[in-house]
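Reminder, nothing fancy here: chain letters follow the sequence lines and each chain counts from 1. Reckoned from all heavy atoms, side chains included, excluding hydrogens, waters and symmetry mates.
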Amino acid sequence: MSVATSIGWTRDEIAQRVAQDIPNGSYVNLGIGIPELVARHVPQGRTFIYHTENGLLGMGPSPAADQGDPELINAGKRRVTMMPGAAFFDQATSFAMIRGGHLDLSVLGALQVAANGDLANWSTGADDAIPAVGGAMDLVAGVKRVFVMTTHVTKEGEPKLVPSCSYPLTGRGVVTRIYSDLAVIDVTARGFALVQLAPGLSFEFVQERTGAPIINLALEASK
Amino acid sequence: MSVATSIGWTRDEIAQRVAQDIPNGSYVNLGIGIPELVARHVPQGRTFIYHTENGLLGMGPSPAADQGDPELINAGKRRVTMMPGAAFFDQATSFAMIRGGHLDLSVLGALQVAANGDLANWSTGADDAIPAVGGAMDLVAGVKRVFVMTTHVTKEGEPKLVPSCSYPLTGRGVVTRIYSDLAVIDVTARGFALVQLAPGLSFEFVQERTGAPIINLALEASK
Amino acid sequence: MIDKRVGSAREAVADISDGATVMIGGFGEAGSPIELIHALIDQGAKNLTVVSNNSGTGLVGLAALLRAQRVSKIICSFPKTAGSTVFPDLYRAGKIELELVPQGTLAERIRAGGAGIVGFYTPTAVGTPLAQGKESRVFDGREHVLELGIRADFTLIKGRVSDTHGNVLYHRTARNFAPMMATAATVTIVQVAQVVEAGELDPEGIVTPGIFVDRVVHVPSPALESALNEVGASYP
Amino acid sequence: MIDKRVGSAREAVADISDGATVMIGGFGEAGSPIELIHALIDQGAKNLTVVSNNSGTGLVGLAALLRAQRVSKIICSFPKTAGSTVFPDLYRAGKIELELVPQGTLAERIRAGGAGIVGFYTPTAVGTPLAQGKESRVFDGREHVLELGIRADFTLIKGRVSDTHGNVLYHRTARNFAPMMATAATVTIVQVAQVVEAGELDPEGIVTPGIFVDRVVHVPSPALESALNEVGASYP
């Protein structure tokens with residue numbers, strides 16, 4: 001069993017940081033995987049309503065192991081529960097919510113994010129890969145604010161924040177903000193811009209692990 | 001009080017004749033006015049399910065005078081009832097039924113029907129008329145069989161079955177069959193074709209009151 | 001804790017500004033949100049574009065809004081219902097613009113606006129005056145017309161019951177345009193005869209999910225156009 | 001008297017011919033009409049085009065239909081669910097064609113097919129490989145892709161309860177694609193755990209009105225993919 005490195009934020013700390021940026025009463029779609037952790041860290045006094053694109057608004061936490069209903073599931077096909085005020089609907093209605101701009105926020109994982117906000121998160125384009133996209137392209141095209149939660153670099157140490165994506169795109173210019181284990185970074189008209197560093201990390205440390213320049217607004221302001 | 005002429009079919013007889021041509025189990029939309037009479041003449045042993053485009057499938061007959069619910073109405077904004085197995089739905093769903101070809105039959109009134117099946121039934125194009133179309137254009141574009149119920153001529157004695165419509169169209173080439181007080185006439189690739197004469201009327205009598213040639217298939221067959 | 005209730009119809013419509021596009025539910029009187037419309041008349045916004053299937057009857061509700069000359073344009077399928085005199089008079093006097101749209105195309109354009117579908121092709125209206133000036137295109141040998149989605153600044157609709165999250169149920173054929181209008185506006189305001197707590201409605205039977213609703217106004221005994229017209233009412 | 005019940009799943013799928021396009025409901029196992037799919041395997045039709053969001057898991061249901069090599073093409077958004085091995089093997093071996101469609105576009109294309117909308121413009125997939133070869137067009141300064149409606153010869157779906165007119169209710173997230181698939185096929189077949197007489201369901205709460213349903217099959221205790229896979233079942 002590997003031990004997590006002590007550098008930067010843990011997954012749960014990233015999730016907590018994301019949750020801090022979500023206003024009370026928001027309608028939120030959490031992507032499969034790491035983004036699901038956000039639901040565990042709702043700040044005191046706030047209520048978020050979770051949408052799962054397979055047809056439920058008002059999704060609640062997972063049921064106890066070996067409990068739950070195999071036909072009450074989330075987009076990751078895992079059993080979930082429902083909250084008071086929940087509603088079930090069909091796929092056309094669910095994606096009308098997404099495509100029509102009714103969701104406040106989508107939190108997604110990433111393979112690569114480009115400095116212009118392009119996102120690649122569904123395929124590495126490998127020859128033997130089975131192509132599968134699900135609702136990712138609809139989410140990034142329809143939801144106004146798209147947050148990405150990701151490790152800052154790949155397991156091989158390659159930057160995931162890049163000048164331009166080499167993997168097939170999920171959407172063009174769609175990412176609003178990136179929450180990694182090392183930093184919170186906005187996508188701006190001028191490219192990546194630092195919002196916050198993880199505790200103990202320097203700007204240079206993060207820049208070295210990023211494939212494109214990061215604007216340091218604090219530094220610029222002090223000049 | 002005027003007395004109806006004894007020539008040809010009465011309105012109720014036309015409605016009865018239309019009903020004879022509707023198969024058991026059909027989903028039917030009846031236009032406002034004369035077509036509504038069809039509902040009174042369902043042949044023994046058949047069930048028709050009536051659709052009203054304002055959002056009800058399984059519409060039943062009118063309630064007793066001063067009874068009924070002002071928010072349970074038909075497309076003519078008159079109070080109706082509902083039958084066992086009825087369903088309410090919104091306008092997008094209602095017109096998905098129409099446009100998607102799910103209704104078996106639409107019975108509509110007419111101002112003019114052309115020999116090529118063009119229908120004009122929403123406007124005389126008069127300068128001072130208030131334009132209003134409702135669902136007529138959707139019905140003729142979406143429902144596969146469109147029956148027209150009409151007097152054969154106008155109050156002024158002008159033919160309503162014409163070589164081509166002078167009034168603004170509701171749809172192009174959409175009418176399947178015409179039921180008038182004088183005859184039942186199909187719209188075919190070769191133009192109007194006689195199906196049946198009202199009792200006591202001659203082919204020539206009907207042809208004289210029709211603005212375009214009527215093919216007399218029985219006559220052709222006997223040649 | 002989410003609670004979309006606002007205290008009154010007046011409060012709910014307070015920020016509708018001059019020149020706004022406003023969708024108003026109803027097919028005839030069924031589903032017409034009369035109390036919200038009257039609040040809008042009181043509020044005074046003018047130069048409105050209204051999207052509604054009809055144009056109102058008598059001197060109340062939608063007809064009263066038109067009569068107050070607050071509406072410069074109406075997008076509509078059937079503006080001449082029996083008992084409708086206000087619209088015809090304004091139209092003949094050249095005081096209101098009319099965009100006439102087939103009923104099903106109107107419903108689908110509103111749905112498209114709410115669903116992020118910018119445009120669609122339909123066979124409805126091909127070869128008629130209502131297709132004039134519209135782009136057309138042949139698919140599978142049949143001509144279709146390009147129709148564009150409609151969006152609005154505000155939607156005013158009437159429901160039967162809502163919970164505090166804005167999940168709405170309707171009453172019979174009063175449902176008509178409300179579910180799609182709820183999706184197509186920046187701000188959707190619904191008046192309902194009953195408000196319940198979140199969790200009291202069956203999640204399987206919700207017609208309009210709360211995500212589409214911004215403000216819920218409790219109007220316990222909504223008026224009906226026909227009842228008001230019977231007693232010769234006019235508003236204000 | 002209208003009664004859309006047929007005696008068995010076998011009877012319901014008897015006229016599905018080789019080369020047919022078949023829509024199959026379900027998001028993962030939720031809503032998958034396993035008994036109808038198994039009847040289709042028994043029936044033997046081949047060279048099918050299947051429209052379904054996933055590709056099945058294990059060796060039962062949709063995966064079993066694929067494994068029997070009855071499907072030449074699948075139109076799908078996510079064919080690699082955990083536990084899915086049949087499709088990946090066939091795909092890598094070049095034995096099945098895949099048309100990959102974003103999930104929301106798939107849902108909307110099916111809805112369009114059922115609603116008589118031949119095509120529509122969506123921003124989804126612009127700039128991605130899934131928009132390649134598709135016509136695009138700028139509306140309001142934003143690029144959109146033209147997507148076409150999908151229709152099928154048959155639809156196989158699962159509901160919770162139906163009346164004899166074919167009015168259907170679903171169970172929770174098993175609803176997913178079923179309501180729109182019901183509208184988009186020449187023949188729609190629904191398996192339900194319960195059948196009731198017309199008039200027993202609330203007309204306000206019908207999810208799929210009976211006009212969209214042709215055949216109702218009573219399957220009192222439908223199997224679930226996960227339960228069958230747990231015991232290592234395979235079909236036939």
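Distance check: D:Glu204 CD to B:Phe89 CZ gives 11.5 Å after rounding to the nearest 0.5 Å. Atom CG in D:Asp202 sits 9.0 Å away from atom CZ in B:Phe88 (nearest 0.5 Å). A distance of 6.5 Å separates OG1 of B:Thr93 from CZ of D:Phe212, quoted to the nearest 0.5 Å.
At most 12 heavy atoms of other shown residues, nucleotides or ligands fall within 6.0 angstrom of atom NZ in D:Lys46. Atom CZ of B:Arg11 has 12 or fewer heavy atoms from other residues, nucleotides or ligands within 6.0 Å. Heavy-atom neighbours of D:Asp140 CG from other residues, nucleotides or ligands within 6.0 Å: at or below the threshold of 12.
Within the 4.5 angstrom heavy-atom criterion, atoms from both the backbone and the side chain of B:Ala92 approach chain D. Proximity to chain D (any heavy atom under 4.5 Å) is shown, for B:Leu103, by both the backbone and the side chain. Looking at D:Ile211, the atoms closer than 4.5 Å to chain B (heavy atoms on both sides) sit in the backbone and in the side chain alike.
Between B:Asn24 and D:Met1, the shortest heavy-atom contact is ND2-O, 4.3 Å. Counting all heavy atoms, side chain and backbone alike, D:His165 lies closest to B:Ile49 at ND1-CD1, 3.9 Å. Contact between D:Ile2 and B:Gly25 at its shortest, heavy atoms only, is CD1-CA, 4.0 Å. Nearest heavy atoms, B:Pro84 versus D:Ala198: CB-O, 3.7 Å.
Here the side chains of D:Pro203 and B:Met82 are in contact, with some heavy-atom distance below 4.5 Å. For the pair D:Pro209/B:Met97, a side-chain contact is recorded, criterion being any heavy-atom separation below 4.5 Å from C-beta on.
Contacts with chain B (heavy atom to heavy atom, under 4.5 Å) involve no residue of residues 8-41 of chain D.
Remark: side-chain polar atoms of D:Asn167 are paired, donor with acceptor, to backbone N or O of B:Gly85 under 3.5 angstrom. Without hydrogens or angle criteria, B:His102 side chain to D:Gly114 main chain gives a donor-acceptor distance under 3.5 Å.
Among residues two or more places apart in sequence or in another chain, the ring pair (Phe, Tyr, Trp, His ring centres under 6.0 Å) test is passed with D:Tyr170 by none.
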